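The next block holds one structure in the form of structure tokens; read it before the comments.
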Protein chains: 2
Amino acid sequence: MADTLTPTALTLKDIAREAGVSLATVDRVLHNRPGVRPDTVRRVKEAIARNSFQPHVAAAELARGRARRFAFVMPSGPNPFMQQIEAYLGEMAAWLSARRLKVEMVATDVFEPAALAASLEALSGDYDGVAVVALDHPSVRAAINDLVDAGTKVVTLVSDVPSSRRHHYVGIDNIAAGRTAGALIGRLVGQRSGKVAIVAGSQGLRDHAERIFGFNQVMATEFPNLSVLPVLEGRDEDERSEQMLARLFGGHADIVGLYNVGAGTQGVAKALNDKALSETGRDKVVFVGHDVTALTRRLLLQGLMDAAISQNPGHEARAAVRVLLALARGEPILSEQEKIRIDIVMRDNLP
Amino acid sequence: MADTLTPTALTLKDIAREAGVSLATVDRVLHNRPGVRPDTVRRVKEAIARNSFQPHVAAAELARGRARRFAFVMPSGPNPFMQQIEAYLGEMAAWLSARRLKVEMVATDVFEPAALAASLEALSGDYDGVAVVALDHPSVRAAINDLVDAGTKVVTLVSDVPSSRRHHYVGIDNIAAGRTAGALIGRLVGQRSGKVAIVAGSQGLRDHAERIFGFNQVMATEFPNLSVLPVLEGRDEDERSEQMLARLFGGHADIVGLYNVGAGTQGVAKALNDKALSETGRDKVVFVGHDVTALTRRLLLQGLMDAAISQNPGHEARAAVRVLLALARGEPILSEQEKIRIDIVMRDNLP
DNA sequence: GGTGTTTTGAGGTACGCAACTCATTTTGAG
DNA sequence: CTCAAAATGAGTTGCGTACCTCAAAACACC
């Protein structure tokens with residue numbers, strides 16, 4: 001009837017007895033301290049494995065003494081998505097302090113590889129873990145590797161640097177996100193034929209480029225009725241995005257879909273709204289973008305926007321902290337838990 | 001630059017000094033033990049609040065000694081969704097044992113109020129917390145309230161009993177889920193007119209009834225081109241669902257959408273597939289259901305199913321454990337973290 | 001003022017582990 | 001076999017809290 005999922009708790013003392021060694025030796029093995037013969041190491045590890053022993057996290061944490069320090073390196077400037085991540089970290093304050101964890105924010109110009117690399121280098125030695133919204137650039141990669149070599153745990157957040165030796169990436173698969181956006185637009189457009197516009201910040205940004213790649217993939221293979229127009233690079237700026245888009249609408253009467261890859265949503269929405277006002281009775285342009293912010297929430301409720309591809313900033317913030325903590329403690333990571341899902345948000349499932 | 005989110009750590013000793021009392025008195029206040037004058041209680045609580053003191057969870061956990069026991073009361077029988085929840089709890093084994101938490105599964109006939117209530121009553125006193133997939137029935141409600149009165153923390157899982165005094169509900173808003181399903185079908189059907197079929201387990205099940213309610217709401221107000229057919233009650237059985245649906249397809253040539261509210265997916269898919277085979281060239285029926293299982297995953301990839309409304313069983317399992325733990329420890333609950341989102345899963349964002 | 005009761009202080013032990021010291025034993029090289 | 005180096009044992013201390021005991025102080029009541 002009642003089926004227990006957890007074995008009885010053992011302590012280090014039990015393991016020492018099992019392995020026929022002293023507590024000190026078990027401790028040395030457990031923390032990779034030198035001065036233990038390979039054969040003894042093996043015996044101890046076997047005893048640990050045989051009993052599937054887990055050190056009591058509470059006891060370990062208490063015995064450590066010093067608090068753990070984590071740094072979050074994030075872009076400076078008014079990016080609503082990043083502000084949300086910060087806000088969620090703030091909401092965790094009680095949770096963090098009950099565990100004696102210190103989390104600090106470090107703002108830096110994330111579009112400037114040298115500045116970002118310098119910010120990372122400056123953290124060396126002072127922190128147990130670092131989460132960074134990274135730029136995929138050789139100097140940034142080198143800075144990350146240096147941190148790792150110094151024993152600091154590093155996770156990349158939102159934007160990955162796969163070629164580095166970071167311990168973990170907390171964020172979505174952007175190619176799949178782009179595919180999802182494409183499938184949504186294709187399906188929501190329905191039977192109609194026409195053109196689809198894309199507005200991105202820059203194709204030089206890894207996540208934007210990946211999203212566009214996935215988007216085009218789906219469009220080409222599944223929706224022959226739709227043709228994709230060249231990507232507009234709005235630099236995530238409202239005005240620039242609006243102007244480029246307005247010009248595009250002027251030149252193409254048969255645009256049925258619009259994919260906004262990055263920010264600059266305010267401008268995109270304005271251009272789209274102006275178009276809608278001037279052409280009463282026509283079919284609506286299907287508009288899909290990214291992230292649930294105060295603005296996109298409003299646009300979804302108004303019906304101007306049809307869907308937002310979201311990556312739950314709260315989950316990302318918490319996952320980053322949990323992963324850093326697990327790495328620092330040497331605990332296994334609950335990969336299923338820390339995986340960031342691609343959320344499709346429409347008006348009726350707005351969180 | 002570096003902005004700390006967490007204050008410096010204090011200990012109970014500091015609070016005692018601050019309040020001008022002894023450690024013993026602080027301890028009495030903290031644990032609501034008797035024998036402290038109201039005025040002294042106030043002084044101590046003020047000192048705690050003034051310094052926003054948080055007991056060190058690790059120390060508290062270690063000092064407790066005994067392990068915490070949680071029970072998960074879930075339906076017996078081969079329900080894939082419930083099996084997934086169990087599987088995810090199994091994956092947490094290391095995490096649980098490192099925290100000296102014991103989680104036990106209790107299987108019971110969840111469709112039988114008396115049996116469920118008896119199972120719950122039997123747990124009284126033995127557990128620190130109970131998670132239960134509940135049935136909304138007076139005797140179940142009474143059993144839950146008895147547990148709560150006995151000091152056991154109770155969370156309802158997947159299916160709520162709002163009228164009880166359970167501490168928390170871990171699950172989705174099923175009305176919103178139904179609305180989401182409706183909006184999806186309406187949007188994916190596009191310009192076409194026609195009828196929409198609904199297959200549910202039973203309208204007596206609270207979650208099914210709520211989903212249907214939300215679904216009809218959206219259909220009535222937003223998609224005048226679609227008319228909803230009477231609900232088929234398939235009792236979550238494959239054969240019965242298939243037969244009822246096949247008959248319905250026979251009687252109505254213009255069905256353009258299908259909403260499967262519960263299980264019995266295998267039968268629903270078979271009926272739908274048979275229909276598709278017999279009518280080449282016709283427009284596809286838009287099919288939306290619930291939960292990502294091995295089966296729905298396959299149907300999504302095949303294109304027979306268009307979207308699944310999902311409630312991430314892994315997240316629900318973990319959230320239930322975390323909430324029970326936080327409740328038992330007296331910690332605040334990270335409501336944003338524990339909230340279960342309504343996921344829209346299509347082929348390209350299959351998790 | 002004396003009585004009994006309530007409130008408070010002081011102190012101890014235990015929890016399981018990290019991190020350290022120092023003495024002792026084992027090992028391997030010469 | 002000798003001796004230094006390496007490996008191991010034995011033990012201590014401290015982390016911050018829970019929980020307990022016992023004595024002292026403050027209080028209420030007559």
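In what follows, chains carry the letters A, B, and so on, assigned in the order in which the sequence lines appear, proteins first and then strands, with residues in each chain numbered from 1. It should be emphasised that the depicted structure is a prediction, and the values quoted were computed from it without experimental measurement.
If you measure from atom CG of A/L30 to atom C1' of C/dA19, you get 13 Å, rounded to the nearest angstrom. Rounded to whole Å, the distance from NE2 on A/H31 to P on C/dC17 is 10 Å. Atom P of nucleotide C/dC20 and atom CG of A/D27 are separated by 10 Å, given to the nearest angstrom.
Evaluation of the salt bridge (charged side-chain N to carboxylate O under 4.0 Å, His left out) test over residues 153-163 of chain B, restricted to residues two or more places apart or in two chains, returns B/D160-B/R166. Pairs of residues two or more places apart, or lying in two chains, that qualify as salt bridge (charged side-chain N to carboxylate O under 4.0 Å, His left out) and include a residue from residues 116-136 of chain A are A/D136-A/R206. Every pair passing salt bridge (charged side-chain N to carboxylate O under 4.0 Å, His left out) that includes a residue from residues 16-31 of chain A is listed here, sequence neighbours excluded: A/D14-A/R17, A/E18-A/R50, A/D27-A/R33.
Each of A/R66 and B/P38 was assigned the nucleotide of DNA chain C with the nearest heavy atom; the assignment lying further toward the 5' end belongs to B/P38.
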Exercise for the section: Start with the C-alpha distance between B/F72 and B/V106, add both sets of side-chain angles, then the distance that settles side-chain contact (heavy atoms from CB on, under 4.5 Å), and finish with yes or no. Expected result: CA-CA 6 Å; B/F72 272 66; B/V106 178; over 6 Å; no
Side-chain donor-acceptor pairs under 3.5 Å in residues 143-152 of chain A, sequence neighbours left out?
residue : atom : partner : partner atom : Å
A/N145  : OD1  : A/R165  : N            : 2.8
A/D149  : OD1  : A/R165  : NH2          : 2.4
A/D149  : OD2  : A/R165  : NH2          : 3.2
A/T152  : OG1  : A/Y127  : O            : 3.4

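Here A/S76 contributes atom OG and A/M82 contributes atom CE; the two are 11.0 Å apart, rounded to the nearest 0.5 Å.
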Handout entry: Per-nucleotide protein contact string for nucleotides 10-16 of chain C, where B marks a base within reach and S marks sugar-phosphate only (heavy atoms under 4.0 Å, - for neither)
Key = B----BB
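Between A/E61 and A/R68 a salt bridge is recorded (basic side-chain N to carboxylate O distance below 4.0 Å).
Scanning both residues, A/R141 and A/V161, for their nearest heavy atoms gives CB-CG1, 4.2 Å.
Counted by atom type alone, A/R322 and B/Q337 present one or more donor-acceptor pairs between their side chains at under 3.5 Å.
Annotation: proximity of residues 322-329 of chain B to DNA chain D (heavy atom, distance under 4.0 Å) is found for no residue.
In this structure C/dG30 sits in a base pair with D/dC1, meeting the Watson-Crick or G-U test at under 3.5 Å.
For the salt bridge (charged side-chain N to carboxylate O under 4.0 Å, His left out) test, residues two or more places apart in sequence or in another chain that qualify with A/R69 are A/E104. The salt bridge (charged side-chain N to carboxylate O under 4.0 Å, His left out) search around A/E331 returns A/R329, B/R99, not counting sequence neighbours. Among residues two or more places apart in sequence or in another chain, the side chain to side chain contact (heavy atoms under 4.5 Å, CB included) test is passed with A/R37 by A/T40. With sequence neighbours left out, A/L30 forms a side chain to side chain contact (heavy atoms under 4.5 Å, CB included) with A/L12, A/I48, A/P55.
In this structure, B/T25 reaches the C/dG9 phosphate: one of its side-chain N or O atoms is under 4.0 Å from OP1 or OP2.
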Can you tabulate the close N/O pairs, meaning under 3.5 Å, that link protein atoms to atoms of nucleotides 26-30 of chain C?
none

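Chain A approaches DNA chain D within less than 4.0 angstrom (heavy atoms of the protein), and the contacting nucleotides run 5' to 3' from D/dA7 to D/dT17.
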